[in-house]
Amino acid sequence: MNTPGNTFDIAVEPAFDFLSADYAELFDHSAATAFQHPLWLHSLYSRLASHAGATPLVVVVRYRATRALAMVLPLLRIRRGPIRTVEFADLRVSDYLAPVCSPTVFSELLGDAEACARIRRLVRPFDLLRMTKLPDGRLPIESLLAAPRRVAMDTNAYATVLVAPFEQWRASAMDRSYQKELAKKYRQLQKKGALSFSCCSDGAAVLEALDVMRKFRGPRFQAQGDGDLIQRPAYYDFYSDVAVRGLGSLARLYAMKMDGEVIAAVLGLHHRDSFLVIMSAFDIAGYKSQSLGALMFEQVAKDCIERGDQMLDFTIGDEPYKKLFGAQASPMWAVTQAGSTTGAISLFALKQAPWLKLAAKRISEVRLSPTRTSTPTR
C-alpha cells in the first residue's frame with residue numbers, strides 16, 4: 001500500500017495507535033483542534049465507531065526516509081441506508097474537524113501530485129464525501145481531496161477572549177445591566193444554602209457530576225425531540241472515559257453544588273490556552289428563576305482566567321446566550337463531494353434540506369407564539 005514517490009509513504013492503517021508517542025508529537029506540532037487530541041480520537045474509535053456501525057479509515061502519511069509521521073486523516077466509512085459515506089471521525093461528539101498536520105507539511109503534500117493522487121485513491125470508493133464542521137481559517141482539506149470549494153454551514157461557532165483580571169473581562173465583555181442581574185441572582189442563590197463551585201479533581205467527583213448531568217439533560221432533550229447522546233450507554237462511556245483519563249490535561253469538569261449536591265455542571269476540553277465547552281447541564285426545575293447556566297458560565301470564565309487561559313470557546317451553535325458573554329461568531333464550513341450517481345442524488349437532496357427546514361420553521365412561527373428561555377443551553 002506504499003506510494004512509489006520519493007518523499008512520502010501513504011497507507012490506510014485501521015488499527016492506528018492514537019495514544020502513541022509519534023502521534024502525540026505530530027498533534028502537538030499540528031494545526032489540529034482539541035477534537036483530534038490523542039485521547040479523544042482513541043476513545044472515539046475504540047468506543048463509538050463499532051457502536052455506530054462505522055469502519056475506521058485512518059489515512060496515515062509518513063516520511064519515507066525516517067518513517068516519522070507527516071499527517072493523519074482520521075476518517076470513517078459509514079453506510080447510511082444505501083449511501084456509502086466517508087467523513088471525519090465525528091459521530092456527533094466533535095465540534096471542530098481538521099487534518100492532523102502542520103501548515104508547512106500540508107503545503108508540501110499539496111505540491112506533491114503523486115501523494116495527493118494516492119490519498120484520493122485510498123479514500124474511495126464512496127457515494128458521498130462529507131467534511132462538515134471545518135473551522136474558519138484551517139487547512140484546505142478540499143484541495144487535498146480535489147473536492148468542490150467549501151461552503152458556509154448554517155451555524156457558527158462562538159468564543160470570547162479572556163483577559164485578566166476577571167473583573168476587567170466581565171466589564172468589557174458583558175453588558176452592565178446583565179452584570180447586575182447575575183450578581184443579584186448569585187446573591188439569591190447563596191441564600192438558599194451552602195453554595196460551592198469547583199473543578200472536579202478526581203475520578204469519583206467526575207463520575208458523580210456526569211451522572212447528574214445525564215439526569216438533568218434527559219427530560220430536557222427528550223422534550224426537544226432529538227434525544228440526548230449521553231443517555232446512550234456507548235456515548236456515556238465515551239464521555240466518561242475522556243473526562244476521567246483526560247483529568248488534569250485534556251478535560252475539565254466544573255460543578256456547582258448546593259448543600260453538597262450537584263446542581264449545575266460544565267464539561268469541556270482544554271487546548272492551547274483555550275477552554276472549549278462541549279456539554280452542560282443545570283437543575284432548571286429546582287432553580288427555575290436563578291439563571292443557573294449563566295451563573296455557571298460566569299464562574300467558569302473566572303476560573304479559566306485565573307488559570308491563564310486566553311479564550312473561552314462555546315463551540316458550535318447559535319444559542320443567543322453566548323453573545324451575553326461577549327462571544328463573537330466565527331463561520332463554520334463544509335465540503336461535500338459526490339462519488340457516484342447515488343451520491344449525486346443524495347447531495348442534491350442535502351442541498352435542498354435548508355429550504356425545507358426554513359419552510360418548516362416559518363410554518364411553526366406562524367402557528368406557535370415565541371417562547372423565551374432564560375437559562376442557556378448548548
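Values below: all heavy atoms of this structure, side chains included; hydrogens, waters and symmetry mates excluded. Residues: numbered from 1 along the sequence shown.
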> What pair of heavy atoms forms the shortest contact from M332 to T155, and how long is it?
Replying inline: CB-O, 3.7 Å

> If we only count heavy atoms from C-beta on, is the F106 to L144 side-chain gap below 4.5 Å?
Replying inline: yes

>> Determine whether F88 and L76 satisfy the following criterion, side chain to side chain contact (heavy atoms under 4.5 Å, CB included), listing intermediate values before the conclusion.
In response: CA-CA 6 Å; F88 265 114; L76 291 168; over 6 Å; no

> Is the backbone N or O of A31 less than 3.5 Å from a side-chain atom of R138, with the two atoms forming a donor-acceptor pair by type?
Replying inline: yes

Show which side-chain atoms of residues 197-208 pair as donor or acceptor with protein atoms under 3.5 Å away, not counting sequence neighbours.
residue, atom, partner, partner atom, Å
D202, OD1, A204, N, 3.1
D202, OD1, A205, N, 2.8

> Given L129 and T85, is the side chain to side chain contact (heavy atoms under 4.5 Å, CB included) satisfied, shown in steps?
Replying inline: CA-CA 6 Å; L129 175 74; T85 67; over 6 Å; no

>> Test of understanding: with ring pair (Phe, Tyr, Trp, His ring centres under 6.0 Å), list the residues that count as partners of H271, not counting sequence neighbours.
In response: F27

> If you look at every heavy atom in P99 and A32, which pair is closest and at what distance?
Replying inline: O-CB, 3.9 Å

> Do L210 and L253 have side-chain heavy atoms sitting under 4.5 Å apart?
Replying inline: yes

Exercise answer: donor-acceptor pairs, residues 294-305 side-chain atoms, under 3.5 Å, sequence neighbours excluded:
residue, atom, partner, partner atom, Å
D303, OD2, Y254, OH, 2.6
D303, OD2, R307, NE, 2.5

> Looking only at heavy atoms, what is the nearest atom pair of F282 and A265, with distance?
Replying inline: CE2-O, 4.4 Å

> Would you say L110 and V61 are hydrophobically clustered, going by side-chain heavy atoms of ILVMFWY under 4.5 Å?
Replying inline: yes

> Does some side-chain heavy atom of I119 sit less than 4.5 Å from a side-chain heavy atom of M71?
Replying inline: yes

>> By the definition side chain to side chain contact (heavy atoms under 4.5 Å, CB included), identify the one residue from D237, L269, L44 that meets it with V242.
In response: L269

> Do you know which two heavy atoms are closest between A115 and L109, and how far apart they sit?
Replying inline: CB-CD2, 4.0 Å

> Can you check whether A329's main-chain N or O pairs, donor with acceptor, with N156's side chain at less than 3.5 Å?
Replying inline: no

> Taking 4.0 angstrom as the limit, do R118 and E114 come out as a salt bridge?
Replying inline: no

> Short question: side chain of R272, backbone of D28 - any donor-acceptor pair under 3.5 Å?
Replying inline: yes

> Where do D22 and R67 land on the side chain to side chain contact (heavy atoms under 4.5 Å, CB included) test, with the steps shown first?
Replying inline: CA-CA 10 Å; D22 287 349; R67 303 303 299 160; over 6 Å; no

> With sequence neighbours left out, what residues match R77 under salt bridge (charged side-chain N to carboxylate O under 4.0 Å, His left out)?
Replying inline: none

> With no hydrogens and no angle check, is any side-chain donor or acceptor of Q328 less than 3.5 Å from a backbone partner on A159?
Replying inline: no

>> Using 0.5 Å steps for rounding, measure from the CZ atom of R217 to the CD1 atom of I284.
In response: 10.5 Å

> Taking side chain as C-beta onward, heavy atoms only, is V58 less than 4.5 Å from Y45?
Replying inline: yes

> So do the side chains of H42 and H37 get within less than 4.5 Å of each other, counting heavy atoms only?
Replying inline: no

>> Tell me every residue that passes ring pair (Phe, Tyr, Trp, His ring centres under 6.0 Å) with Y23, counting only those two or more places apart in sequence or in another chain.
In response: F16, F18

> How about M256 and L195: do any of their side-chain heavy atoms sit closer than 4.5 Å?
Replying inline: yes

> What is the distance from atom CG of D17 to atom CG of L19, rounded to the nearest 0.5 Å?
Replying inline: 5.5 Å

Determine all donor-acceptor pairs shorter than 3.5 Å in which one atom belongs to a side chain in residues 160-170; sequence neighbours excluded.
residue, atom, partner, partner atom, Å
T160, OG1, W169, NE1, 3.4
T160, OG1, F325, O, 3.0
W169, NE1, V161, O, 3.3

>> Nearest 0.5 Å, please: how far is CG in L57 from CZ in F126?
In response: 10.5 Å

> Under a 4.0 Å N-O cut-off, is there an ion pair linking D9 with R62?
Replying inline: no

>> Would you compute the distance between atom CD of E108 and atom OG of S102 and round it to the nearest 0.5 angstrom?
In response: 7.5 Å

>> Could you report the tightest heavy-atom contact between P140 and R150, atom names first, then the distance?
In response: CA-NH2, 3.6 Å

> Going from OH on Y239 to CZ on R232, what distance comes out if it is rounded to the nearest 0.5 angstrom?
Replying inline: 10.5 Å

>> Any non-hydrogen side-chain atom of D309 less than 4.5 Å from a side-chain atom of F275?
In response: yes

> With hydrophobic residues grouped by side-chain heavy-atom distances under 4.5 Å, do I345 and I78 end up in a single group?
Replying inline: no

>> Check whether Q36 reaches the backbone of T33 with its side chain - one donor and one acceptor, N or O, closer than 3.5 Å.
In response: yes

> Considering residues at least two apart in sequence or located in another chain, which fulfil the ring pair (Phe, Tyr, Trp, His ring centres under 6.0 Å) criterion with Y63?
Replying inline: F8

>> Going by salt bridge (charged side-chain N to carboxylate O under 4.0 Å, His left out), name the pairs with one or both residues in residues 324-334, residues two or more places apart or in two chains.
In response: none

>> Strictly by salt bridge (charged side-chain N to carboxylate O under 4.0 Å, His left out), give each pair with a member in residues 36-53 just once, sequence neighbours left out.
In response: R47-D241

> Any chance the side chains of K185 and S291 put a donor and an acceptor closer than 3.5 Å?
Replying inline: yes

>> Give me the atom names and distance for the closest heavy-atom approach of C101 to L139.
In response: O-CD1, 3.6 Å

> Who pairs with R120 by salt bridge (charged side-chain N to carboxylate O under 4.0 Å, His left out), at least two apart in sequence or on another chain?
Replying inline: none

> Quick one: side chain to side chain donor-acceptor pair (under 3.5 Å) pairs with a partner in residues 124-135, sequence neighbours left out?
Replying inline: R84-D127, D90-K133, D127-S340

> Are K184 and E181 ion-paired here, with the side-chain N under 4.0 Å from a carboxylate O?
Replying inline: no

>> Please tell me whether T315 and D313 have a donor and an acceptor in their side chains that are separated by less than 3.5 angstrom.
In response: no

> CZ of F216 to CG of L292: how many Å apart, nearest 0.5 Å?
Replying inline: 8.5 Å

> Does atom CD of Q188 have more than 12 heavy-atom neighbours, drawn from other residues, nucleotides or ligands, at distances under 6.0 Å?
Replying inline: yes

>> Using only atom types and a distance under 3.5 Å, with no angle test, would you say the side chain of K322 pairs donor to acceptor with the backbone of G317?
In response: yes

> So do the side chains of L91 and Y235 get within less than 4.5 Å of each other, counting heavy atoms only?
Replying inline: yes

>> Restricting to salt bridge (charged side-chain N to carboxylate O under 4.0 Å, His left out), what partner residues turn up for D318, sequence neighbours left out?
In response: none

> Does W40 offer a backbone N or O that forms a donor-acceptor pair with the side chain of S43 under 3.5 Å?
Replying inline: no

>> Donor-acceptor check, side chain of S94 to backbone of Y96, threshold 3.5 angstrom: yes or no?
In response: no

> After noting the C-alpha distance and the side-chain angles of M131 and Q337, does the key distance pass the side chain to side chain contact (heavy atoms under 4.5 Å, CB included) rule?
Replying inline: CA-CA 9 Å; M131 303 287 180; Q337 181 182 27; over 6 Å; no

